[in-house]
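Here's the structure, in structure tokens; my notes come after.
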Amino acid sequence: MKNVLKSFFESFLRSRRMLHHFERWQTLLGSKPVGVASAAMRADIAKALAAASHTDAGELLSRLDSSPQGLGETHAQALRKRLGSNEVRHEQPLPWWTHLWQCYRNPFNLLLTVLALTSYVTEDMKATLVIGSMVVLSTVLRFLQESRSNKAAERLKAMVSNAATVLRPAPDAAGALRVEVPMRDLVPGDVIALSAGDMIPADCRLLGAKDLFVSQSALTGEAMPVEKFSIDRGGPGAGVLERENLLFMGTNVISGTATALIVHTGDRTFFGALAQRVTATDSGASAFQAGINRVSWVLIRFMLVMAPLVLVINGVAKGDWWEAALFALSIAVGLTPEMLPMIVTATLAKGAVVMSRQNVIVKRLEAIHNFGAMDVLCTDKTGTLTQDRIVLERHTNAWGEVSDHVLQLAYLNSFHQTGLKNLLDKAVLSHAEMQPETQLQTAWRKIDEVPFDFSRRRMSVVVENGGSEHLLICKGALEEILSVCTFVERGTEVLALDAELLARIHRVASELNAQGLRVVAVASQALKAEARKPAYGVADESGLTLLGYVAFLDPPKESTAPALRALADHGVAVKVLTGDNQLVTRKVCGDVGIEAGHIVLGREIEDLRDDELRALVERHQVFAKLTPAHKERIVHALHANGHVVGFMGDGINDAPALRAADIGISVDGAVDVAKESADIILLEKSLMVLEQGVVEGRRTFANMLKYIKLTASSNFGNVFSVLVASAFLPFLPMLPLHLLVQNLLYDVSQIAIPFDNVDPEFLRKPQSWNPADLGRFMVFFGPLSSVFDIMTYAVMWFTFSANTVANQTLFQSGWFVEGLLSQTLIVHLIRTRKIPFLQSRAAWPLLAMGAAIAVAGIWLPMGRLAHYFRLQALPLAYFPWLAAMLAGYAALTQTVKGWYARRYGWQ
């Protein structure tokens, strides 16, 4: 039984993403096992891709009615209309009936259904109606909330769309134009241009590639990037994913450039056919999912213990095992938090809508919780702490003297590269002192380029100006440029690099760095006629002459310092992880108020064991000269130390860390792979929205936790009261029907919890799931209600003579009203550490809902429908006793609450 429940529960508690709904729907409705149903289709797609791999590029273009300049816009629109969007079907919303089925199918509703069927078989139509109402309420509310949240999420995500660079024939037929097109609008036959940071939008055949490395981990799980070529050099037996001239949807470009022909889009892609298998490689439960699992299993284990205990006690004491079984099942239903899915969805959706008003797009609803639980935020420096408006501040030779020659060659390098044009290149091209378009662009012709990658940290272009020589111009990080230089230029002199010159070069660069300037070195080499090539590679970056530097200023954002202070006030530690050097990093950190201390460099952590790195990351705040792998490893180390880790970045080098973090944060201007890896996208540059997101995440978590604490403590108290009553009463303290109606009304009163207010004190520090605290909370606060339940027993037994089987309905009616009103009251007592109604007032929807349920609870035994529910009118003398017991319950709870908070804290 436990394994069955666990299987159902883990299925229900998986990610809210619609793809997982799709998987469960297929499996449950009896389709073939996941990964098998589409085997024939996958074989067809693999066969077609293999044919595209060995077909001549010109012939393949002809088959797709395309050309090296791409499709015409009119033709592309016609294909788009006929073939549909370039989207995998499982990424689209499920039909409403399938979604409704998923909302029903959870272990809580299954238990209710079993009880409803049992009641129907025994011809207890009233119980059947009540239990059916509970199932309908839980299912419909969840369906409505999830439908609203899914639609809102889709609208928000539509604001952050990835685009691809597509070639379109020029009007004068003299070449091709490059046009940005949304990925969903791509069609077979489109020719696209790719560079570092781009997502592969469809299955493609390479037409041309230059030092192209692609990450295929989403399909293969292989962490190392794969080099791709325009011609497949593999043998005939190579698998589809091993074809060197094929690119696949869902992968991304690590470095290099390419042009590619789209062969398949949407469901006809390899990714589309393998969607279930791809998603099975997800990295496991997030902090949110793990927390929900741990806390919910506390409640389920409690139910599995208490329900059989109630069955045995009542069966032995009363002798009616069938009635005892129905009563025990009713107790089991009362102990299951059947509204948990709806409460979780509603609170997360509300948080996402609130964040959208702050220009923050939440791609995954559960990221809202992780935002609030985050206690460490790791951030890149460039474009996150800084303004992302880099300006070229200086252009000097290696001695620090102004040099227009260095600026001209830097301009040629930035202008002619076709890879990832970063902010540094844009700053060079837009430099106010430089207007060389009419001179340099016409005087120099590009021959080839060696694209940038994050291991070399430099890129080169080769140009010529009509002479016999080719000129290789290399631009990149100082250390990496010096590693391929043997000479240095000063004026008309070219000097051999020696130790003294190297020391001087480093001194000049350090002085610039200390001023907050980011230094990029420029080097060149004139290639004589005999050394000329049609194509160049990394090996040609050797024996270069250092010309000087271009230095950039990227001042901190105005919002950075106050945002970091606000995060610190809310218990979030900030760590800087950057690929920049330590001098610039120290200057920027000082400007924004971060105490840098010792700056850990990438080379220092290279050989550290995991346990050593885990200790190191706790001691230091700033890390510089990091590779993407270093950033990812630091995030993993912090996570292993028990932190909920956020990472904020916008570059391709940030993508691994964004994926590794509990919550990845990026900006709308980030590269495709960074936006794809992130959970949250900022539409504006202000970091103050981070603090607002943390607060909203904690508010969301607080309201979810309220429901769980209320349900756990209230249910524990009720069961404790039932056990006491069952041991001494000659009849059931309440009929199964009473328990179910009471539970239904209580569930209705909880619908407004997602919209409740939260005390400011709760928002000041990170919050996380704590099953041990939940168990302790149940033990302390649950029996408090039992004290007054037992007092109610005594009042009904001795004062109103409800002490025989004949008068059991009066007894049950009295406890029904007291139990329901005490449950409604406890919502307001436990929702806050303060004095309820006076120091902390619930939101009006929760107040109104509680008042309505209290009125309904009193009306049921007093009104016309009392006999339908096997209740009877209570004497007026009962109500002063009721008021006294509720007042006493409130006073006792408030007293214990103060003592509990001082001893254990109040989460």
Side-chain angles (χ1 to χ4, degrees), residues 210-211 255-257 395-421 424-425 428-429 434 436 439-502 504-506 508-509 519-551:
K210 180 66 175 178
D211 296 329
S255 63
T257 59
H395 42 91
T396 73
N397 63 15
W399 277 258
E401 302 162 348
V402 175
S403 171
D404 289 337
H405 179 56
V406 169
L407 179 58
Q408 290 174 351
L409 294 192
Y411 179 89
L412 282 172
N413 178 285
S414 296
F415 179 81
H416 284 295
Q417 74 137 316
T418 57
L420 179 66
K421 279 191 168 60
L424 303 181
D425 291 306
V428 171
L429 296 176
M434 189 72 176
Q439 305 154 13
L440 293 177
Q441 292 179 20
T442 56
W444 294 87
R445 182 175 66 90
K446 177 181 174 182
I447 301 300
D448 199 6
E449 70 177 291
V450 184
F452 178 88
D453 65 59
F454 286 97
S455 58
R456 288 165 43 247
R457 300 182 67 199
R458 60 180 184 263
M459 71 83 51
S460 299
V461 298
V462 180
V463 294
E464 61 95 15
N465 64 349
S468 59
E469 292 183 344
H470 284 178
L471 180 65
L472 184 147
I473 308 169
C474 188
K475 176 167 72 22
L478 177 61
E479 293 297 333
E480 281 67 21
I481 293 292
L482 287 176
S483 68
V484 293
C485 285
T486 52
F487 303 97
V488 59
E489 181 182 271
R490 186 177 189 183
T492 58
E493 294 183 275
V494 176
L495 309 174
L497 268 178
D498 55 26
E500 182 179 349
L501 283 177
L502 279 173
R504 184 182 182 92
I505 287 167
H506 283 295
V508 171
V519 173
V520 172
V522 181
S524 69
Q525 182 183 26
L527 305 169
K528 302 297 183 182
E530 58 274 14
R532 291 173 53 161
K533 301 178 181 178
Y536 293 83
V538 175
D540 296 300
E541 295 176 332
S542 62
L544 306 185
T545 299
L546 177 67
L547 305 178
Y549 322 108
V550 280

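These numbers come from a predicted model, not from an experiment. One-based numbering along the sequence shown.
The two residues Pro534 and Asp448 have their closest heavy-atom pair at O-OD2, 4.3 Å. Minimum interatomic distance between Ala410 and Val550 (heavy atoms only, all atoms of both residues): CB-CG1, 4.0 Å. Here the closest non-hydrogen pair linking Arg458 and Glu480 is NH1-O, 3.3 Å. When all heavy atoms of Thr257 and Pro451 are compared, the closest pair comes out as N-CG, 4.1 Å. Listed here is the closest heavy atom pair of Gly543 and Gln525: O-NE2, 3.8 Å. Of all the heavy atoms in Leu527 and Tyr536, the pair that sits closest is CD1-CE2, 3.4 Å.
Here the options are Leu501, Asn397, Leu547, Asp498, the test is side-chain contact (heavy atoms from CB on, under 4.5 Å), and the partner is Val488; only Leu501 passes. A side-chain contact (heavy atoms from CB on, under 4.5 Å) with Leu544 is found for exactly one of Ile473, Val484, Thr486, Val522, namely Val484. Shown are Lys533, Glu464, Arg532; of these, the side-chain hydrogen bond (donor to acceptor under 3.5 Å, both in side chains) with His470 is made only by Arg532.
In this structure, Glu489 CD and Trp399 CH2 are separated by 9.5 Å, a value rounded to the nearest 0.5 Å. Rounding to the nearest 0.5 angstrom, the gap separating the OG atom in Ser403 from the CZ atom in Arg490 is 11.5 Å. Here NZ of Lys475 is found 4.0 Å from CG of Asp425. Values are rounded to the nearest 0.5 Å. The line from CG of Leu412 to NZ of Lys446 is 12.0 Å long, rounded to the nearest 0.5 Å.
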Before giving the answer on side-chain contact (heavy atoms from CB on, under 4.5 Å), spell out for Ile505 and Leu546 the whole-Å C-alpha distance, their side-chain angles and the decisive distance to 0.1 Å.
CA-CA 10 Å; Ile505 287 167; Leu546 177 67; 3.6 Å; yes
Worked check of side-chain contact (heavy atoms from CB on, under 4.5 Å) between Leu409 and Leu471
CA-CA 10 Å; Leu409 294 192; Leu471 180 65; 4.0 Å; yes
Could you go through the side-chain contact (heavy atoms from CB on, under 4.5 Å) check for Lys528 and Glu469 one step at a time?
CA-CA 5 Å; Lys528 302 297 183 182; Glu469 292 183 344; 2.8 Å; yes
Stepwise side-chain contact (heavy atoms from CB on, under 4.5 Å) check, Val462 with His416
CA-CA 9 Å; Val462 180; His416 284 295; over 6 Å; no
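The closest side-chain heavy-atom distance from Asp540 to Val450 is not below 4.5 Å. Considering only heavy atoms from C-beta on, Val402 comes within 4.5 Å of His395 through its side chain. Using a 4.5 Å heavy-atom threshold, the side chains of His405 and Ser524 count as separate. Within the 4.5 Å cutoff, side-chain heavy atoms of Phe415 are placed close to those of Leu429.
A salt bridge does not link Arg457 to Glu479: none of the charged side-chain nitrogens sits closer than 4.0 Å to a carboxylate oxygen.
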